[in-house]
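Report on the following structure.
Reminder, nothing fancy here: chain letters follow the sequence lines and each chain counts from 1. Keep in mind that this is a model prediction, so the values were computed, not measured.
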Amino acid sequence: MSGRRKESAVIISQEGIALDIYSMWIHTEKIAESAVPGQFISMYTKDGSKLLPRPISLCEIDRQKSGIRVVYRVTGTGTGTEQFAKLLSGDTIDILGPLGNGFPLDVTENTGKNTKDCRAMLIGGGIGVPPMLELAKQLNTEKIMVMGYRDQQFLRTEFQKQGSLYIATEDGSAGTKGNVMDAIEGNGLSADIIYACGPAPMLHAIKRYAEEKSIVCYISMEEKMACGIGTCLACVCQSKEIDGHSHVHNKRVCKDGPVFLSTEVEI
Amino acid sequence: MSGRRKESAVIISQEGIALDIYSMWIHTEKIAESAVPGQFISMYTKDGSKLLPRPISLCEIDRQKSGIRVVYRVTGTGTGTEQFAKLLSGDTIDILGPLGNGFPLDVTENTGKNTKDCRAMLIGGGIGVPPMLELAKQLNTEKIMVMGYRDQQFLRTEFQKQGSLYIATEDGSAGTKGNVMDAIEGNGLSADIIYACGPAPMLHAIKRYAEEKSIVCYISMEEKMACGIGTCLACVCQSKEIDGHSHVHNKRVCKDGPVFLSTEVEI
Amino acid sequence: MNTTVNLAGIELKNPVMTASGTFGSGEEYSEFVDLNRLGAVVTKGVANVPWPGNPTPRIAETHGGMLNAIGLQNPGMEVFCARDIPFLKQFDTKIIVNVCGKSAEDYCEVVERLADEPVDMLEINISCPNVKEGGIAFGQNPASVEAITREVKKHAKQPVIMKLSPNVTDITAMAKAAEAGGADALSLINTITGMKIDVHRQKFALANRTGGLSGPAIKPIAVRMVYQAANAVRLPIIGMGGIATWEDAIEFILAGATAVSTGTANFYNPSVTVEIVEGIEKYMEKYHIENISDIIGMVK
Amino acid sequence: MNTTVNLAGIELKNPVMTASGTFGSGEEYSEFVDLNRLGAVVTKGVANVPWPGNPTPRIAETHGGMLNAIGLQNPGMEVFCARDIPFLKQFDTKIIVNVCGKSAEDYCEVVERLADEPVDMLEINISCPNVKEGGIAFGQNPASVEAITREVKKHAKQPVIMKLSPNVTDITAMAKAAEAGGADALSLINTITGMKIDVHRQKFALANRTGGLSGPAIKPIAVRMVYQAANAVRLPIIGMGGIATWEDAIEFILAGATAVSTGTANFYNPSVTVEIVEGIEKYMEKYHIENISDIIGMVK
Ligand SMILES: Cc1cc2nc3c(=O)[nH]c(=O)nc-3n(C[C@H](O)[C@H](O)[C@H](O)COP(=O)(O)OP(=O)(O)OC[C@H]3O[C@@H](n4cnc5c(N)ncnc54)[C@H](O)[C@@H]3O)c2cc1C
Ligand SMILES: Cc1cc2nc3c(=O)[nH]c(=O)nc-3n(C[C@H](O)[C@H](O)[C@H](O)COP(=O)(O)OP(=O)(O)OC[C@H]3O[C@@H](n4cnc5c(N)ncnc54)[C@H](O)[C@@H]3O)c2cc1C
Ligand SMILES: Cc1cc2nc3c(=O)[nH]c(=O)nc-3n(C[C@H](O)[C@H](O)[C@H](O)COP(=O)(O)O)c2cc1C
Ligand SMILES: Cc1cc2nc3c(=O)[nH]c(=O)nc-3n(C[C@H](O)[C@H](O)[C@H](O)COP(=O)(O)O)c2cc1C
Ligand code: FES
Ligand code: FES
């Protein structure tokens with residue numbers, strides 16, 4: 001018993017950063033201390049009608065200030081995320097974390113290349129954009145960042161500070177018109193390792209692209225969750241290898257993931 | 001269709017006035033405009049696990065400021081009233097009202113006596129004390145007020161402004177040691193009309209006392225409620241006469257009451 | 001945009017109705033909602049004679065729902081016909097009378113009394129968990145569901161809706177039995193038998209010990225049963241159980257309900273019925289649905 | 001103050017256990033709670049061979065509860081015996097293994113395999129609504145409940161708990177059938193079959209269409225069934241269904257449960273089990289209860 005607990009954490013600040021997109025800083029020593037990019041937290045409402053967690057990725061981790069940042073989308077009216085959006089600084093929020101494995105930061109181990117020779121491509125799509133920010137901050141190598149949005153962009157200035165940023169928008173309002181794959185092809189981008197988070201069709205395309213080009217590729221997956229810690233077996237994805245838990249082909253997104261080698265999972 | 005609605009009203013102020021007893025002023029033009037003493041409102045939590053109303057009597061009605069005051073007890077941990085107690089001024093609360101019939105203010109009609117010759121006794125026990133305050137303020141006659149508490153008193157100074165106040169406390173910390181009946185007997189009090197609100201055993205004793213002495217007596221009853229407006233038939237009490245709604249002997253506390261002539265109901 | 005639905009030959013202007021026992025005969029809620037906006041008003045259960053109901057406490061709050069053991073208090077059919085029907089006739093909505101009884105004869109007596117009244121449909125409650133005789137006893141066994149349906153149908157002039165109990169192993173068996181007995185439509189679900197104990201007083205929360213569970217808590221069970229019944233019989237189904245939003249109403253319609261009723265939600269949102277009517281219209285607009293009846297049972 | 005209870009001859013240090021499938025084999029939650037504090041750990045269902053479970057989405061949130069259709073994914077008895085039993089043996093708590101199967105033979109194979117393992121009790125899941133064969137099919141008919149119980153008892157060395165389905169008309173008939181078949185104890189309730197439809201995508205929320213409803217929403221139904229079963233048979237009962245606080249646990253004990261299990265609540269409050277243990281102790285102190293077993297079934 002390590003004493004991990006669901007904690008009632010204080011909200012440092014919250015603001016809307018785009019239509020239906022909110023950014024919240026939460027004070028939590030425990031999580032800020034140990035978390036790595038790509039991990040997530042379970043966020044809970046105080047409404048007894050909504051008992052399950054909302055898994056939300058860490059967008060930034062501030063060890064100094066014992067803070068974590070989450071950026072999330074309000075998915076509709078009457079949702080849990082809508083309730084989160086109403087919270088103000090000083091309010092508390094119940095959270096559990098850090099959860100999951102996170103992105104591997106050691107590019108050499110993954111590509112065989114020196115840090116200075118290695119080029120990493122970070123791809124985010126929609127609400128998969130936020131976790132790429134802390135990854136970009138911690139990744140100690142050349143970075144190409146490709147972020148795809150429907151229309152409104154967010155976190156753009158933060159990314160620009162971290163390296164070369166390419167934008168794709170579905171409506172063509174900025175960057176390449178189309179999706180992240182269009183931006184990659186349109187700009188002739190290439191890399192030695194890929195990190196990606198976004199909707200399933202995007203991950204599917206990236207997985208194919210990476211495998212065709214034999215690029216090591218890590219993707220962060222999504223599934224509905226109940227426990228968030230690997231017990232309930234709600235959040236499985238189909239894995240190539242027999243999984244360590246149930247000895248079938250079902251890896252748990254919450255515990256064995258959310259980050260998987262693209263070759264490891266089906267999508 | 002008169003257009004009555006459950007409304008989301010703004011809390012003007014809230015304070016604890018005794019251990020677990022809270023006083024809340026709520027801004028509501030509609031209710032403040034039309035309410036009479038002895039009526040109540042249904043208060044709702046925002047927690048989807050607690051859907052039913054908490055019926056709470058009006059303690060004061062301020063037409064000028066469009067405000068109503070409720071004084072309520074937090075009955076335990078995890079309760080709806082506990083959630084109300086956490087609300088702050090500026091927060092909203094869902095309410096429905098005014099509900100019920102209220103106390104009849106016309107003493108002449110009830111006793112045959114002129115206002116100046118008539119003495120009314122207002123009896124409150126525990127959390128039945130608050131509704132007596134607005135009644136005292138609006139009752140245009142001589143008033144004797146007998147308020148019973150377990151230990152802690154509340155609203156005492158407010159009552160003192162309205163006439164002669166007698167206190168009973170169960171622990172003897174103030175006034176007569178015992179209950180309101182002990183205070184009435186101990187102080188040799190008498191009256192032409194009685195108004196009472198409090199726990200069932202107290203109402204039972206007062207009903208007997210009033211009937212023995214042939215004093216007109218109005219009591220405010222309690223029962224669990226769902227609709228609060230007379231539809232669901234949850235909140236019935238046994239009435240002497242056949243009731244107008246179902247033609248049995250069940251009057252609805254929420255609509256036919258909460259105030260009944262003591263001779264009208266069994267308790 | 002066409003929101004009308006056909007319920008066993010009766011055309012409702014929209015599929016939104018009230019659940020029996022939660023809306024009286026409409027009078028109290030007419031202060032909050034325009035009854036003309038509703039597809040139908042379903043009345044509180046009516047017996048041949050006045051019923052006093054159960055002792056109090058009759059209700060208890062539960063997580064996301066409530067228990068009730070009202071015990072079908074009602075003034076009997078004569079007061080009902082003299083007072084409640086004329087009240088409802090003032091409005092442009094259909095009148096569905098919920099009928100309760102302790103024996104087949106009781107039900108038939110009420111059904112006959114209503115034969116020449118301006119009532120559009122009859123809903124036969126064979127599923128009330130809160131009365132000793134009659135009620136649920138009729139609704140938990142296919143043979144008795146079929147028998148009581150057949151008996152009632154003999155005496156009924158209006159289309160007959162059988163209201164089924166969810167307290168059964170297989171709802172499709174009951175639905176088929178009602179169909180075999182000649183029912184014109186089905187209502188489901190009635191409440192699910194439940195219990196609450198007050199741990200501090202160490203007593204039952206309800207005087208009746210058990211009560212019927214209703215409200216959003218039971219919605220997934222109700223949707224499942226409506227889906228199962230809709231795929232087992234050809235009768236139109238009135239779906240209910242925890243409906244509190246227009247999304248809930250659409251969920252039941254997609255599962256196979258021709259109409260929907262709101263019960264417990266009225267208690268905490270008195271204007272819920274009309275909000276649902278409006279929500280359904282917006283949904284149809286958003287998803288370009290011409291006729292609401294096109295999406296009945298669409299999810300298969 | 002004595003919190004021990006006797007469950008078919010097995011003494012638990014307190015009545016608080018975990019509900020199968022919500023606590024794995026304890027490893028993940030051992031980070032949050034000290035397993036030594038629990039009366040027993042009930043494991044996820046174990047089959048004779050690995051089961052892959054159902055496609056995703058496997059769960060959906062509902063008002064005050066959740067639907068699941070995990071489909072009994074498990075590594076099979078060999079991995080379980082090699083890995084999970086040794087893990088649990090590190091702790092001073094009882095080990096109850098939940099057993100699932102597609103046929104009587106499957107169940108018996110697992111039960112035999114466990115015969116010489118350091119397992120304290122067996123819980124036979126004849127009530128899972130989420131698998132096509134076996135599961136609930138065994139649990140909805142008294143004759144088959146009795147038959148499977150008798151068959152399992154022939155092969156079992158440890159006391160056998162039959163886990164009953166709430167998806168039945170009369171829970172007492174199933175309880176009596178299990179008793180007649182020789183069961184040593186009963187667990188109830190398993191989940192209630194439910195369904196959710198996503199109205200925007202116009203699709204079932206679960207890949208499996210239906211799932212099992214659990215969580216606080218179902219508690220009143222569970223309390224009622226525990227009460228009914230406790231008053232119908234002499235077997236000790238493990239009560240579950242929506243337990244999330246110590247008050248809930250006491251409610252089940254007052255209704256007749258000898259022990260209680262927490263399922264869904266673990267997911268949103270990982271330390272709930274130990275909080276309940278502590279709450280029960282405070283309750284006993286407050287109301288001067290010497291032995292927790294004195295209040296089992298006290299509300300009648
Ligand atoms: C590992 C992981 C990281 C994520 N990171 C982010 C993030 O950084 N920012 C962000 O906006 N979103 C993120 N998501 C998606 C986010 O979890 C859902 O959008 C959110 O749970 C929806 O909740 P709601 O209250 O808005 O919707 P509701 O409709 O009220 O949700 C109902 C239930 O479904 C679950 N659910 C609904 N959609 C999803 C989904 N896409 N994935 C998992 N569960 C879902 C909810 O958690 C809840 O239990 C992440 C998902 C996962 C699995
Ligand atoms: C007409 C009327 C006027 C009242 N006026 C006041 C008042 O001015 N101040 C005050 O403190 N209390 C008053 N009460 C009692 C008050 O309604 C209950 O104390 C309160 O509802 C308890 O809610 P809870 O959230 O604390 O408890 P919970 O245990 O969470 O309540 C669960 C459910 O039981 C109901 N309930 C519990 N106790 C009672 C009760 N005694 N009467 C009716 N319903 C109950 C609740 O409304 C809720 O639906 C009044 C009751 C009635 C009927
Ligand atoms: C207080 C109350 C009274 C009820 N009375 C009746 C009744 O008289 N006849 C009947 O058939 N159903 C009755 N019901 C059941 C409802 O009509 C409905 O089937 C059930 O409550 C499920 O819907 P809901 O969850 O929307 O409330 C009653 C329900 C409640 C809550
Ligand atoms: C995700 C999940 C998985 C479950 N798996 C099993 C299982 O493998 N075997 C079993 O007998 N019951 C299983 N159950 C049922 C629970 O053990 C329990 O009976 C039910 O959930 C009611 O309790 P609760 O409301 O506290 O969750 C499962 C329940 C859930 C929610
Ligand atoms: S959410 Fe429970 S195993 Fe992943
Ligand atoms: S609370 Fe519904 S009739 Fe009084």
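Minimum interatomic distance between P220(C) and L67(D) (heavy atoms only, all atoms of both residues): CB-CD2, 4.1 Å.
For a heavy-atom cut-off of 4.5 Å, chain C lies close to W246(D), E247(D), I250(D), E251(D), L254(D), A255(D) in residues 239-259 of chain D. The stretch residues 194-207 of chain D places G194(D), M195(D), K196(D), I197(D), V199(D), H200(D), Q202(D), K203(D), F204(D) near chain C, each with some heavy atom under 4.5 Å from a heavy atom of that chain.
Per-residue counts of heavy-atom pairs under 4.5 Å with chain D were compared for I218(C), L213(C), V226(C); the largest is that of L213(C). Ranked by heavy-atom pairs under 4.5 Å with chain C, the list N141(D), T193(D), N167(D), I192(D) is led by T193(D).
Residue T169(D) holds its OG1 atom at 9.0 Å from CD1 of I171(C), rounded to the nearest 0.5 Å. T191(D) OG1 to I221(C) CD1: the interatomic distance, rounded to the nearest 0.5 Å, is 10.0 Å.
Contacts between K300(C) and chain D at a heavy-atom distance below 4.5 Å involve the backbone alone (N, CA, C, O).
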